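Worksheet for the structure shown next.
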Amino acid sequence: MVEKMAKKGNSENNLRENETFFDRWAKSYDRPLFQFWMRGFYQPALQQITKSGKVLDVSCGTGGFLRELQERVSDEKKGSTLYGADISSQMLAAASRKLGKIVHLQKADVHRLPFKDNHFDYVVSTEAFHHYANQRKALAEMKRVAKKQGKVLIVDINFFLRPLHWLFQKLEPGCVKINSRKEMRTLFQEAGLQHIMQQRSFLFAVLTQGVKMGG
Ligand SMILES: C[S@@+](CC[C@H](N)C(=O)[O-])C[C@H]1O[C@@H](n2cnc3c(N)ncnc32)[C@H](O)[C@@H]1O
């Protein structure tokens, strides 16, 4: 698997594969049954956003997470500013129709985020981490753009049975690696994130979160 990561790491092919796959999927991504599942996966991350501030949803897709956050922000967390980034133009177009101009949406690759250091109170990625060609670099970027004391939150697929990870990796276009809970914790530790916590999210995902303490 390390080999696969290395081969696909920094790979423009992987980026293009994901872009094409998600551009095609964008039209049907918001089907109600599928969105019911996705909402279940990202709920625990939403609940961790407890203070107003700047929030970046990396790989925001069609903007479901930001939409829910937007509703909460208008009620309880006034003063929050929401940002979304994704490599798929079609996913972003759907997000823009849903969210309007108040949310700042931008086409960007997680490995090269076009934001300043120490900028966001929360940096989130839901159901996308397994698509990232270089997961260490992606996490380092998410940490870089988070403020000190800011939180990095990743919800990603995690099946109870490891063979399903293998199968998913083989079958889903653009999928690079699905990590075990332990592997995700190790990635967070190696990135220098602290106060790491994990919890199962709905049936087939795990939320891993950490706090950026230093630089
Ligand atoms: C399964 S969708 C998840 C979308 C959304 N976060 C959700 O929970 O519904 C995965 C998303 O990751 C995006 N993605 C894949 N590779 C990416 C990369 N290198 N940089 C930024 N976004 C990426 C895809 O375009 C897609 O929108």
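Only a predicted model underlies this, so the values are computations on that prediction, with no experimental measurement involved. Atoms within each ligand, like the ligands themselves, are counted from 1 in listed order.
Of the listed residues (Phe22, Phe65, Trp25), the one carrying the non-hydrogen atom nearest atom 10 (C) of ligand 1 is Phe22. For atom 7 (C) of ligand 1, the choice among Trp37, Phe41, Tyr29 with the nearest heavy atom turns out to be Tyr29.
When atom types are taken as modelled, the side chain of Asp117 and the backbone of Val145 share no donor-acceptor pair closer than 3.5 angstrom. Panel note: side chain Tyr122, backbone Lys51; a donor-acceptor pair is recorded below 3.5 Å. No donor-acceptor pair under 3.5 Å is formed between the side chain of Arg181 and the backbone N or O of Thr208.
Taking a cutoff of 4.0 Å between a charged side-chain nitrogen and a carboxylate oxygen, Asp121 and Lys147 qualify as a salt bridge. The pair Glu68-Lys98 fails the salt-bridge criterion, with no side-chain N (NZ, NE, NH1 or NH2) lying under 4.0 Å from an Asp/Glu carboxylate O. A salt bridge is defined here as a Lys NZ or Arg NE, NH1 or NH2 lying under 4.0 Å from an Asp or Glu carboxylate O, and Lys107 with Glu19 meets this definition.
If you check which protein heavy atom lies closest to atom 20 (N) of ligand 1, you get Val110 N, 3.0 Å. When hydrogens are left out, the protein atom nearest atom 19 (N) of ligand 1 is Asp109 OD1, 2.9 Å; that is the closest non-hydrogen contact. Among all non-hydrogen protein atoms, the one lying nearest atom 5 (C) of ligand 1 is Ser59 O, 3.5 Å. From the protein, the heavy atom lying nearest to atom 17 (C) of ligand 1 is Ile87 CG1, 3.3 Å. Among all non-hydrogen protein atoms, the one lying nearest atom 25 (O) of ligand 1 is Asp86 OD1, 2.5 Å.
Near Ser88, with a cut-off below 4.0 Å to any heavy atom, the atoms of ligand 1 are 25 (O). Listed by atom number, the atoms of ligand 1 under 4.0 Å from Thr126 heavy atoms are 3 (C), 5 (C), 6 (N), 7 (C), 8 (O). Atoms of ligand 1 found under 4.0 Å from any heavy atom of Leu15 (numbered from 1 in listed order, with element): 19 (N). Atom numbering of ligand 1 starts at 1 in the shown order; those under 4.0 Å from a heavy atom of Glu127 are 1 (C), 2 (S), 3 (C), 10 (C). Close approach of ligand 1 to Ala108 (heavy-atom distance below 4.0 Å) involves ligand atoms 20 (N), 21 (C). Atoms of ligand 1 found under 4.0 Å from any heavy atom of Met91, numbered from 1 in the order shown, are 27 (O).
Of the listed residues (Arg144, Lys143, Lys137), just one forms a side chain to side chain donor-acceptor pair (under 3.5 Å) with Glu141, and that residue is Arg144.
Between Tyr29 and Phe34, the ring planes are perpendicular. Angles over 60° get that label, and only those under 30° would be called parallel. Classified by interplanar angle (parallel below 30°, tilted 30° to 60°, perpendicular above 60°), the ring pair Trp25/Phe22 is parallel.
Heavy-atom distances between Cys60 and ligand 1 reach below 4.0 Å in at least one pair. Not a single heavy atom of Phe21 sits less than 4.0 Å from an atom of ligand 1.
Judged by the 6.0 Å distance and 45° axis criteria, Arg16 is not positioned over the aromatic ring of Phe21.
The proximity of Ala85 to ligand 1, defined as any non-hydrogen pair under 4.0 Å, does not occur for either the backbone or the side chain.
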